[in-house]
Protein chains: 2
Amino acid sequence: MTSSILHIKLEENLFLKDPTISKLGKLILSEGLLLLNEIGLEEFTFKKLASRVNTTESSIYRYFESKHQFLFYLFNFYWAWMEIGIVLSTNNIESPKKRLSIIIKHLTSVVENDVRTPYIDEAILQKVIAMESSKTFLTKKVDDENKIGYFLQYKKLVSAVSKVIKEISPDYPYPNALVTTIIESSFHQRFFGLHLPRLTNDLHDENNLNDFLTNLCFNTIENYGK
Amino acid sequence: MTSSILHIKLEENLFLKDPTISKLGKLILSEGLLLLNEIGLEEFTFKKLASRVNTTESSIYRYFESKHQFLFYLFNFYWAWMEIGIVLSTNNIESPKKRLSIIIKHLTSVVENDVRTPYIDEAILQKVIAMESSKTFLTKKVDDENKIGYFLQYKKLVSAVSKVIKEISPDYPYPNALVTTIIESSFHQRFFGLHLPRLTNDLHDENNLNDFLTNLCFNTIENYGK
DNA sequence: TGTTTTTTGGTAGTATTACTATTATTTTTG
DNA sequence: CAAAAATAATAGTAATACTACCAAAAAACA
């Protein structure tokens with residue numbers, strides 16, 4: 001029996017040395033993700049990570065040129081992984097409405113660890129991305145980082161979902177905006193549920209968050225202009 | 001003729017010493033806002049601001065204990081100011097639907113400088129808040145900062161808008177979530193229009209952004225459960 | 001007007017961050 | 001077993017995010 005391993009290959013400029021091909025690299029990924037989840041991007045340093053994996057700062061710098069590059073690596077990993085899951089669970093579905101429902105479920109549900117990716121725990125990754133992903137684009141460096149392809153995976157997914165919306169409502173003029181609104185909202189609303197409950201409505205409950213955004217999506221596209 | 005000055009009084013724990021009552025304090029606000037807009041929160045330091053207003057780091061630290069407190073000051077100022085504008089332009093309107101339309105216009109339009117607040121340029125403030133406000137809550141300190149009231153103004157506004165939604169659709173279960181989704185989306189979509197256009201749909205045009213979110217809001221609340 | 005307060009300026013210092021550079025040691029691989 | 005590659009260890013730099021202290025200037029008040 002072959003173990004099924006999902007190897008997610010990311011663009012060359014998301015790292016200095018591919019972390020998936022060495023033991024230390026994998027440790028940096030797995031423990032880095034955990035540390036990021038524990039202390040957050042602001043407090044996260046390569047020095048702390050180094051002491052956690054019993055290596056040195058300089059060794060980590062050989063894999064990633066900065067903690068921002070490391071975050072972008074995880075960010076792209078997440079969206080590449082998400083796309084695989086979405087494609088797999090929708091490619092044999094005829095009805096675009098059903099496909100869209102499934103996609104929204106994928107985008108808004110709490111994720112479980114995917115055992116096919118040994119050094120990344122997707123349940124943790126989702127938390128980290130929810131908390132940190134806005135920080136990838138809300139900077140003055142966004143144009144430079146966009147130029148070197150740091151947002152490619154995210155754009156790819158958005159455009160794929162957008163296509164499904166166009167199948168359902170070809171005249172709806174804002175499919176991309178709607179998709180990114182749903183994604184960002186799912187992250188933020190779950191966060192509000194935990195930390196700033198007056199900014200949301202008991203969306204901590206999985207089904208409510210999915211109901212909120214599914215409803216928002218379909219009512220928006222199906223009634224536009226009516 | 002009396003000059004009409006809008007004095008926005010903020011909570012005591014948003015500063016160490018009230019910046020609105022001294023010349024230096026006002027300079028810190030006005031120039032700090034401009035500097036923040038120019039270089040972004042990550043690059044912004046009190047040292048740079050000090051050299052810009054010809055004072056010293058230590059003098060600025062007498063007003064704000066950190067740049068994060070300074071950001072929260074601006075954040076609360078923005079939402080307090082926004083609320084005043086919304087109240088003023090809706091309190092004589094009967095129809096809740098009209099009121100909601102006006103509110104969405106306020107929340108999604110590019111703002112112009114309000115001459116009644118001499119040391120804050122609201123047009124700049126809006127840009128800064130759009131870019132930096134997610135960073136106020138997406139941190140590990142959010143619970144502590146929430147406890148000391150750093151999010152009060154924002155919550156107040158959200159709850160006010162939420163009330164209008166309940167007037168229109170009393171059975172809609174997610175009014176708060178919808179309001180924060182609209183606000184966050186208006187910030188992010190405009191940003192995408194400028195920097196990551198493939199994540200949105202020409203919402204750089206004012207009217208489109210307003211149309212997108214007005215439509216999303218009304219269709220969501222009026223068709224829920226249908 | 002003179003004298004206290006209050007406010008600001010100036011300097012210094014600390015621990016930490018975000019790196020870069022260099023050399024020594026270990027591990028891998030051909 | 002030798003050569004190459006990877007990692008460890010150490011050191012160093014400029015900048016950040018502060019704190020502390022004292023002197024000078026400005027404002028308030030008596």
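Just so it is clear, the values below take in all heavy atoms, side chains as well, and ignore hydrogens, waters and symmetry mates. Below, read A as the first sequence line, B as the second, and so on, with proteins coming before strands; counting in each chain starts at 1.
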Does [X] reach a base, just sugar-phosphate, or nothing at all? Heavy atoms under 4.0 Å.
X       : answer
A/Lys47 : nothing
A/Ser58 : base
A/Glu57 : base
B/Phe64 : nothing
A/Thr45 : sugar-phosphate

Nucleotide [N], atom [atom2] - distance to [atom1] of [X] in whole Å:
X       : N      : atom1 : atom2 : result
A/Leu24 : C/dT26 : CG    : P     : 17 Å
A/His68 : C/dT17 : NE2   : C1'   : 11 Å
B/Glu43 : C/dA18 : CD    : C1'   : 12 Å
B/Leu41 : D/dA17 : CG    : P     : 9 Å
A/Leu27 : D/dA8  : CG    : P     : 10 Å
A/Ile21 : C/dT27 : CD1   : P     : 19 Å
B/Leu49 : C/dG9  : CG    : C1'   : 15 Å
B/Ile60 : D/dT16 : CD1   : P     : 13 Å

task = Identify which nucleotide among C/dT8, D/dA9, C/dA18 has an atom closest to any side-chain atom of A/Lys67, counting heavy atoms from C-beta outward.
result =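 Taking heavy atoms from C-beta onward, the closest nucleotide is C/dA18.
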Closest listed nucleotide, where the reference is the side chain of A/Tyr61 and the choices are C/dT20, C/dG9, D/dT7 =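 Output: C/dT20.
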OP1 or OP2 of [N] versus the side-chain N and O atoms of [X]: is any pair under 4.0 Å?
X       : N      : result
B/Thr56 : C/dG10 : no
B/Thr55 : C/dT7  : no
A/Tyr63 : D/dT7  : yes
A/Ser59 : D/dA8  : yes
B/Lys17 : C/dT8  : yes

ask   = Quick one: do the A/Ser185 and B/Glu184 side chains pair a donor with an acceptor below 3.5 Å?
value =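 Looking only at side-chain atoms, B/Glu184 and A/Ser185 do not form any donor-acceptor pair under 3.5 Å.
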Pair B/Ser89-B/His106, side-chain donor/acceptor within less than 3.5 Å =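 Per modelled atom types, B/Ser89 and B/His106 side chains form a pair under 3.5 Å.
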query = Counting distance only, does the side-chain N/O of A/Asn210 pair as donor-acceptor with the main-chain N or O of A/Thr108 below 3.5 Å?
reply =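 No: the side chain of A/Asn210 does not pair with the backbone of A/Thr108.
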query = Hey, mind stepping through B/Thr136 and B/Tyr154 against side-chain hydrogen bond (donor to acceptor under 3.5 Å, both in side chains) and telling me if it holds?
reply = CA-CA 11 Å; B/Thr136 61; B/Tyr154 188 42; over 6 Å; no
request  = Let me know, please, whether A/Arg62 or A/Lys48 comes out on the 5' side of the other along DNA chain C by nearest nucleotide.
outcome  =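 Going by which nucleotide is closer to the 5' end, it is A/Lys48.
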task = Mind running side-chain hydrogen bond (donor to acceptor under 3.5 Å, both in side chains) on B/Tyr78 and B/Ser133 for me, showing each step along the way?
result = CA-CA 10 Å; B/Tyr78 183 75; B/Ser133 79; over 6 Å; no
task = Take atom NZ of B/Lys140 as the centre, draw a 6.0 Å sphere, and report whether it contains more than 12 heavy atoms from other residues, nucleotides or ligands.
result =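 Yes - once you tally the heavy atoms of other residues, nucleotides and ligands closer than 6.0 Å, there are more than 12.
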